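Notes follow the structure.
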Amino acid sequence: MGRVTARRRVLRIRDGVPSYRPDTLAAEEPLEIRVGGRPLTVTMRTPGDDFDLAAGFLVSEGVVHAAEDVSAIRYCAGATADGGNTYNVLDVALAPGVPAPDASLERNFYTTSSCGLCGKASLDAVRTSAAWSVAEDALRVAPELLSLLPDRLRAAQRVFDSTGGLHAAGLFTADGELLCLREDVGRHNAVDKVVGHALRSGLLPLRETVLMVSGRASFELVQKAVMAGVPMLAAVSAPSSLAVDLAADSGLTVVGFLRGSSMNVYTGAERLPHQLVGRPGEEPPGDEPPGEEPPGVEPPGGEGAGSEVSRRPTLPTGGPARR
């Protein structure tokens with residue numbers, strides 16, 4: 001799988017018996033994103049779908065809203081002392097008339113794969129104004145259908161099968177059709193790759209879709225969903241309190257602890273047709289206390305080479321362009 005994975009020799013101990021063997025790891029390398037030749041941010045990511053990652057990042061920051069806002073994306077040659085191309089530096093050229101990113105978006109040029117918000121100057125800087133409202137979106141998804149999405153997401157994860165070390169984000173229709181899947185060591189990168197694919201394919205806003213993620217639902221993932229016009233975010237683990245607050249303010253439906261036929265709907269419950277059992281506010285017998293996280297339930301999911309099974313038109317990623 002090229003740069004998406006790497007092989008390393010490890011000492012394996014099973015039942016007290018040691019042995020040396022090769023192991024496959026998810027690759028992690030820095031990607032510097034420039035806009036108009038000016039460095040904007042550096043993110044640690046799994047190589048692959050880098051153009052989608054850069055485009056999705058700019059969507060989530062409110063810089064671009066349509067494919068026409070981006071004139072070109074290219075890898076930068078001369079990134080090393082000998083003038084070689086590491087394919088770890090991208091430059092995005094905005095279309096004429098599209099304002100350059102505000103300097104406040106600069107994240108001290110470093111974003112870790114585990115926390116996409118590191119380096120943000122303030123919480124207010126994250127609350128970017130969305131180009132589209134999701135509050136009026138007509139999406140309706142039966143809980144029975146929603147419960148099938150985690151398995152469909154997992155079945156489409158190609159790199160996770162060989163590494164066990166990646167997060168995944170998948171975009172689904174209201175009928176449960178998988179439109180696009182991306183994997184990465186960073187959950188926020190996986191979402192950016194999905195959103196960037198949608199931008200470059202002319203699909204924004206993503207009306208009547210569900211964004212499914214393999215980990216928890218953080219504030220930043222809620223923000224990215226809202227900025228892309230996605231009305232529902234579903235996660236196999238818990239959301240944060242700030243994520244739920246932002247979702248409630250924005251009209252986004254957030255579903256957490258989606259495992260099998262069980263789920264917690266934190267906001268926007270009207271999008272999941274249901275009939276309450278018992279009196280409002282009464283806990284059904286045998287339920288776990290809300291928000292209690294069983295140990296070891298947040299499987300990383302992820303990718304550097306995405307899977308697409310959509311019948312919608314897509315744009316080719318294209319080969320690396322040298323400057």
Side-chain angles (χ1 to χ4, degrees), residues 1 4-5 23-28 45-49 52-53 56 113-114 141-198 206 209-218 221-222 224-225 228 230 232-239 243 253-266 272 288 293-312 314:
M1 292 186 180
V4 177
T5 61
D23 193 34
T24 302
L25 305 177
E28 182 175 24
R45 98 301 189 191
T46 298
D49 301 303
D52 288 347
L53 172 56
S113 57
S114 60
V141 181
E144 296 78 12
L145 176 61
L146 195 65
S147 68
L148 301 176
L149 300 192
D151 286 343
R152 293 181 181 180
L153 183 77
R154 176 66 185 85
Q157 290 182 244
R158 295 182 299 176
V159 185
F160 183 85
D161 286 337
S162 60
T163 66
L166 291 174
H167 289 280
L171 187 69
F172 291 86
T173 68
D175 296 325
E177 177 191 0
L178 178 60
L179 300 175
C180 176
L181 179 136
R182 293 290 186 266
E183 298 177 89
D184 200 278
V185 288
R187 61 173 62 84
H188 59 283
N189 288 339
V191 171
D192 276 342
K193 289 178 177 181
V194 168
V195 173
H197 165 76
L206 292 169
T209 59
V210 179
L211 180 62
M212 178 78 215
V213 295
S214 62
R216 60 186 177 87
S218 64
L221 296 195
V222 167
K224 290 178 183 298
V230 176
M232 183 179 295
L233 173 65
V236 299
S237 292
T253 297
V254 170
V255 179
F257 295 102
L258 179 55
R259 304 169 196 146
S261 60
S262 299
M263 65 194 75
N264 287 354
V265 183
Y266 294 87
L272 283 81
E288 293 181 359
E293 177 75 51
V297 296
E298 184 174 345
E303 168 219 67
S307 311
E308 293 151 20
V309 292
S310 172
R311 290 190 293 270
R312 297 188 183 185
T314 60

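On a predicted model such as this, the values are computed, not experimentally measured, just so you know.
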Derivation and outcome, side chain to side chain contact (heavy atoms under 4.5 Å, CB included), residues Thr5 and Leu25 | CA-CA 5 Å; Thr5 61; Leu25 305 177; over 6 Å; no
Go through the steps to decide whether Val210 and Leu149 satisfy the test side chain to side chain contact (heavy atoms under 4.5 Å, CB included), and finish with yes or no.
-> CA-CA 9 Å; Val210 179; Leu149 300 192; 4.0 Å; yes
Looking at [atom1] of [X] and [atom2] of [Y], how far apart are the two atoms once the value is rounded to the nearest 0.5 Å?
X: Lys193; Y: Cys180; atom1: NZ; atom2: SG; result: 10.5 Å
X: Leu179; Y: Leu206; atom1: CG; atom2: CG; result: 8.5 Å
X: Ser214; Y: Gln157; atom1: OG; atom2: CD; result: 5.5 Å
X: Thr253; Y: Leu233; atom1: OG1; atom2: CG; result: 10.0 Å
X: Leu178; Y: Phe172; atom1: CG; atom2: CZ; result: 4.5 Å

Could you report the tightest heavy-atom contact between [X] and [Y], atom names first, then the distance?
X: Leu146; Y: Leu258; answer: O-CD2, 3.6 Å
X: Ala168; Y: Ala190; answer: C-CB, 4.3 Å
X: Ala27; Y: Val185; answer: O-CG1, 3.8 Å
X: Ser147; Y: Gly260; answer: CB-O, 2.9 Å
X: Val254; Y: Pro239; answer: CG1-CB, 4.1 Å
X: Ala238; Y: Arg216; answer: O-CB, 3.0 Å

Taking only Lys NZ, Arg NE, NH1 and NH2, and the carboxylate oxygens of Asp or Glu, determine whether Asp184 and Arg45 approach each other closer than 4.0 Å.
->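 Judged by the 4.0 Å cut-off on N to carboxylate O distance, Asp184 and Arg45 do not form a salt bridge.
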Please step through side chain to side chain contact (heavy atoms under 4.5 Å, CB included) for the pair Met212 and Leu171, ending with a clear verdict.
-> CA-CA 6 Å; Met212 178 78 215; Leu171 187 69; over 6 Å; no
In sequence, state the C-alpha distance, the side-chain angles, and the governing distance for Asp49 and Arg182, and then conclude on salt bridge (Lys or Arg N to Asp or Glu O under 4.0 Å).
-> CA-CA 8 Å; Asp49 301 303; Arg182 293 290 186 266; 3.5 Å; yes
Listed by chain and number, what are the side chain to side chain contact (heavy atoms under 4.5 Å, CB included) partners of Val191, not counting sequence neighbours?
->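 By the side chain to side chain contact (heavy atoms under 4.5 Å, CB included) rule, Val191 matches Ala169, Val195, Leu211, Val213, Leu221, Lys224.
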Is any side-chain heavy atom of Asn264 closer than 4.5 Å to a side-chain heavy atom of Val255?
->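 With C-beta onward as the side chain, the pair stays apart.
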Check: Pro150 and Arg259 side chains under 4.5 Å, non-hydrogen atoms |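 Of all side-chain heavy-atom pairs linking Pro150 with Arg259, none is under 4.5 Å.
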Might you work through the side chain to side chain contact (heavy atoms under 4.5 Å, CB included) test for Asn189 and Thr46, ending with a clear yes or no?
-> CA-CA 9 Å; Asn189 288 339; Thr46 298; over 6 Å; no
